[in-house]
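A quick write-up on the structure given underneath.
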There are 2 protein chains.
Amino acid sequence: MNKRPTISDVAQAAGVSLMSVSRAMNNRPGLSEETRKKILSIADQLGYRPSGVARALATKRSSTVGLMMPDVTNPFFSQIAKGAEDLAYAMGYNIFLVNTDEDIKREIKALHSLFEKQVDGVILCSPRLPFDQLKKHIEHFQFTALINRELNSPRSDCVTININDAYGSALAIKHFSNQGHKKIAFLTGPEESISRERRLKGFIQALETHSIPYDENLVLPCSPDTTGGYHAATALLSGRDDITAILSFNDLVAFGAIQACDELGKDIPNQVAVIGFDDIPLASIMKPKLSTLRTNKRELGHRAMQAFRAYTNGEENIIRQQTLEPTLILRESTLG
Amino acid sequence: MNKRPTISDVAQAAGVSLMSVSRAMNNRPGLSEETRKKILSIADQLGYRPSGVARALATKRSSTVGLMMPDVTNPFFSQIAKGAEDLAYAMGYNIFLVNTDEDIKREIKALHSLFEKQVDGVILCSPRLPFDQLKKHIEHFQFTALINRELNSPRSDCVTININDAYGSALAIKHFSNQGHKKIAFLTGPEESISRERRLKGFIQALETHSIPYDENLVLPCSPDTTGGYHAATALLSGRDDITAILSFNDLVAFGAIQACDELGKDIPNQVAVIGFDDIPLASIMKPKLSTLRTNKRELGHRAMQAFRAYTNGEENIIRQQTLEPTLILRESTLG
DNA sequence: ATAATCTACGTTAGCGCTAACTTATTATGC
DNA sequence: GCATAATAAGTTAGCGCTAACGTAGATTAT
């Protein structure tokens with residue numbers, strides 16, 4: 001690795017001042033076409049690329065965005081990452097990816113590290129941080145997009161983008177009810193999850209709407225993966241035949257539940273109907289094909305970056321609270 | 001957002017010089033415990049966090065690594081990302097994630113942007129770039145880990161980490177052969193893929209080893225997802241019953257192939273046996289549970305960061321060419 | 001013809017930090 | 001008790017870039 005050429009190397013080679021090179025590289029006015037071309041050609045020859053670090057220090061803009069999420073490995077989040085990165089790429093921004101593993105301590109460290117890196121904005125997916133702390137951190141960043149989390153006090157530099165979780169639950173219960181289900185279980189995902197809370201609220205309310213009595217024994221928390229769904233469903237369904245429908249925190253949990261049903265000899269959908277959440281790519285490949293509440297995950301990431309772009313462009317009418325509506329996709333894991 | 005406090009703000013508030021603050025923040029010698037504590041407490045009070053940008057400019061180290069991959073959405077790559085990010089986190093590094101969408105132009109732009117951001121090293125997953133260009137880019141970086149790609153000319157600042165693809169194919173063919181299969185198809189994945197090439201080579205050689213004639217009509221490229229597998233398998237299997245085994249480029253392709261078999265009324269594994277590649281989390285959830293060549297994806301990312309750490313620590317004996325061996329996991333999609 | 005404006009540059013200072021050197025003070029050796 | 005060394009600081013310069021301002025010469029206005 002040779003020494004990296006700097007702007008002065010280019011300036012010297014071209015026989016011009018630093019500023020002329022800077023202007024040429026940034027495509028700014030104040031140069032004749034001739035000089036500009038000469039500088040750019042020499043820069044190219046030398047393999048010169050401006051130092052983003054020096055530029056960031058001088059301009060106080062790093063062209064960098066932080067993306068914090070529990071786990072990229074989870075299809076839900078990797079899709080968000082993709083949606084965000086796609087637009088970031090188009091904007092000439094780079095993305096810092098940080099996983100938190102649902103660990104609050106790690107979340108705090110992640111926020112600190114992003115702050116030190118002087119990102120121009122952050123996208124925080126499902127932050128678990130208590131409200132007060134979260135708020136304090138947000139204040140440090142120039143711009144924040146909160147995915148899957150509300151903010152009670154509106155800020156001009158913070159946008160929230162949420163799935164309408166309660167509505168999703170309602171859609172599922174409505175369908176279950178229409179199909180005549182009375183004993184509907186809910187595998188809720190992790191107890192600290194915000195989505196869980198909202199979905200549970202929607203679940204309970206929808207039951208009421210459809211005059212189905214709420215039985216708290218049918219509501220079980222679980223880890224948000226196949227194992228969690230498997231264990232929870234096994235615990236729930238063993239030795240009883242009255243539960244005929246399961247709403248699951250996400251598709252992975254649903255898969256786990258289906259596996260449990262399988263082992264317990266319960267036919268899906270005839271003995272137990274299952275609805276998932278997310279519609280990950282494999283939902284339509286599984287057997288039975290999974291009925292699920294589809295959410296546009298790419299769109300979540302995309303919207304976050306769009307809001308960031310709007311904010312940095314100084315646009316006025318940024319929608320501070322955005323909600324994406326899930327849609328119920330009926331496949332083979334439900335009746336009808 | 002208030003103005004971010006700088007090192008001078010802390011120095012002034014503490015009544016010490018800049019260097020004392022710097023030393024305190026970096027935990028360097030040359031300070032009494034008393035002063036150190038005072039400085040740290042004042043820094044904390046002010047909410048001071050050193051500017052990574054300024055530090056990077058001064059030290060020429062950004063504590064940042066670039067991670068380039070075709071698509072985070074693909075479970076194979078997201079696991080690599082996780083493995084890398086985990087160790088990066090432990091090292092106090094941040095990761096720039098860049099997707100290339102298998103697009104060479106985008107790959108080049110990604111490398112440029114990472115170079116501008118002055119990453120301390122890059123991890124390149126399955127780069128599609130022609131060899132000469134790739135080499136030229138690598139020379140610009142202080143350290144490069146190549147995942148899923150070889151480098152003919154060894155460099156002290158470049159490590160390659162590969163799956164033993166040919167061996168994987170061989171394991172699959174051996175098993176198929178032991179089960180009496182004679183007509184074995186291979187859905188190879190994208191034609192430009194390096195893995196495809198290596199697996200195909202292993203496939204052909206293994207056939208020879210087991211005295212099975214090679215029939216190029218049984219080898220079909222496909223996009224590396226369920227759709228690709230579905231279409232390829234449909235094209236391959238329609239109107240013929242002689243093909244009894246399919247090796248698939250990855251698990252998604254295998255799922256697609258299984259779906260195709262399903263629709264063609266072919267029983268798995270009795271009429272057609274299927275082996276995938278990767279062992280993504282859902283492979284053991286699918287019905288039938290997928291037999292597959294497991295590769296430790298987390299380990300790939302982890303090793304890349306380990307090599308980076310070793311390199312930056314100035315360690316001598318870094319293994320420049322690492323190979324991970326796949327293992328054949330037999331489940332329900334194969335006989336036996 | 002002279003002032004006013006514009007074009008195409010150049011100069012200077014500073015972004016926030018640290019490496020490398022310098023200085024004052026205290027501890028140690030003989 | 002005095003030289004020597006160690007400790008705990010401080011000072012200076014510079015990392016590579018750009019914002020802001022400066023300037024010479026050409027162009028336009030009056």
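Just so we're on the same page: letters track the sequence lines, and every chain starts at 1.
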Check: residues 42-50 of chain B side-chain donor-acceptor pairs under 3.5 Å, at least two apart:
residue, atom, partner, partner atom, Å
Arg49(B), NH2, His112(A), ND1, 3.3

Sequence-distant partners of [X], side chain to side chain contact (heavy atoms under 4.5 Å, CB included), two or more places apart:
X         : result
Glu316(A) : none
Gln133(B) : Ile108(B), Leu129(B), Pro130(B)
Pro70(A)  : Phe77(A), Thr100(A), Glu102(A), Cys125(A), Ser126(A)

For a quick test of your reading: what N or O donor-acceptor pairs under 3.5 Å do the side chains of residues 81-88 of chain B make, sequence neighbours left out?
residue, atom, partner, partner atom, Å
Lys82(B), NZ, Asp101(A), OD1, 2.9
Glu85(B), OE1, Asn99(A), N, 3.2
Glu85(B), OE1, Arg106(A), NH2, 3.4
Glu85(B), OE2, Asn99(A), N, 3.4
Asp86(B), OD1, Arg106(A), NH2, 3.2

Would you call Glu139(A) and Lys136(A) a salt bridge, using N to O less than 4.0 angstrom?
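Here Glu139(A) does not pair with Lys136(A) in a salt bridge, since their nearest N and O are not under 4.0 Å apart.
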
Check this for me, if you would: do Arg155(B) and Asp157(B) make a salt bridge, where the nitrogen-to-carboxylate-oxygen distance has to be below 4.0 angstrom?
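Salt bridge: yes.
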
Could you walk me through whether Asn162(B) and Thr323(B) pass the side chain to side chain donor-acceptor pair (under 3.5 Å) check?
CA-CA 5 Å; Asn162(B) 283 277; Thr323(B) 308; over 6 Å; no

What residues form a ring pair (Phe, Tyr, Trp, His ring centres under 6.0 Å) with Phe76(A), not counting sequence neighbours?
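Partners of Phe76(A) by the ring pair (Phe, Tyr, Trp, His ring centres under 6.0 Å) criterion come out as none, since no residue qualifies.
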
Readout for nucleotides 4-12 of chain D: B = base within 4.0 Å of protein heavy atom, S = sugar-phosphate only, - = neither; 5' to 3' it is ----SBBB-

With heavy-atom distances below 4.5 Å as the criterion, would you say the side chains of [X] and [Y] are in contact?
X         : Y         : answer
Met69(A)  : Leu97(A)  : yes
Val119(A) : Gln142(A) : no
Leu300(B) : Asn148(B) : no
Ile138(A) : Leu146(A) : yes

Using a heavy-atom cut-off of 4.0 Å to chain A, what are the terminal contacting nucleotides of DNA chain C, in 5' to 3' order?
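Going 5' to 3' along DNA chain C, contacts run dA8(C) to dG16(C).
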
Enumerate the residue pairs fulfilling side chain to side chain donor-acceptor pair (under 3.5 Å) with a member in residues 297-314 of chain B, sequence neighbours excluded, ordered by first and then second residue.
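Sorted pair list: Glu299(B)-Arg303(B), Arg303(B)-Gln322(B).
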
Using rotation axes that map the C1' atoms of four end pairs onto the next four (five pairs an end), what angle separates the end axes of the helix from dA1(C)-dT30(D) to dC30(C)-dG1(D), to 10°?
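The end-segment axes of the helix from dA1(C)-dT30(D) to dC30(C)-dG1(D) are tilted 40° relative to each other.
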
Sub-4.0 Å heavy-atom contacts from residues 109-117 of chain B onto DNA chain D, ordered by number
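Residues of residues 109-117 of chain B that come under 4.0 Å of DNA chain D do not exist, since none gets that close.
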
What residues in residues 41-65 of chain A put a non-hydrogen atom under 4.0 Å from any atom of DNA chain C?
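Within residues 41-65 of chain A, the residues near DNA chain C are Leu57(A), Ala58(A), Lys60(A).
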
Without hydrogens or angle criteria, can the side chains of Thr64(A) and Gln118(A) be said to hold a donor-acceptor pair below 3.5 Å?
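Thr64(A) vs Gln118(A): no donor-acceptor pair found between side chains.
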
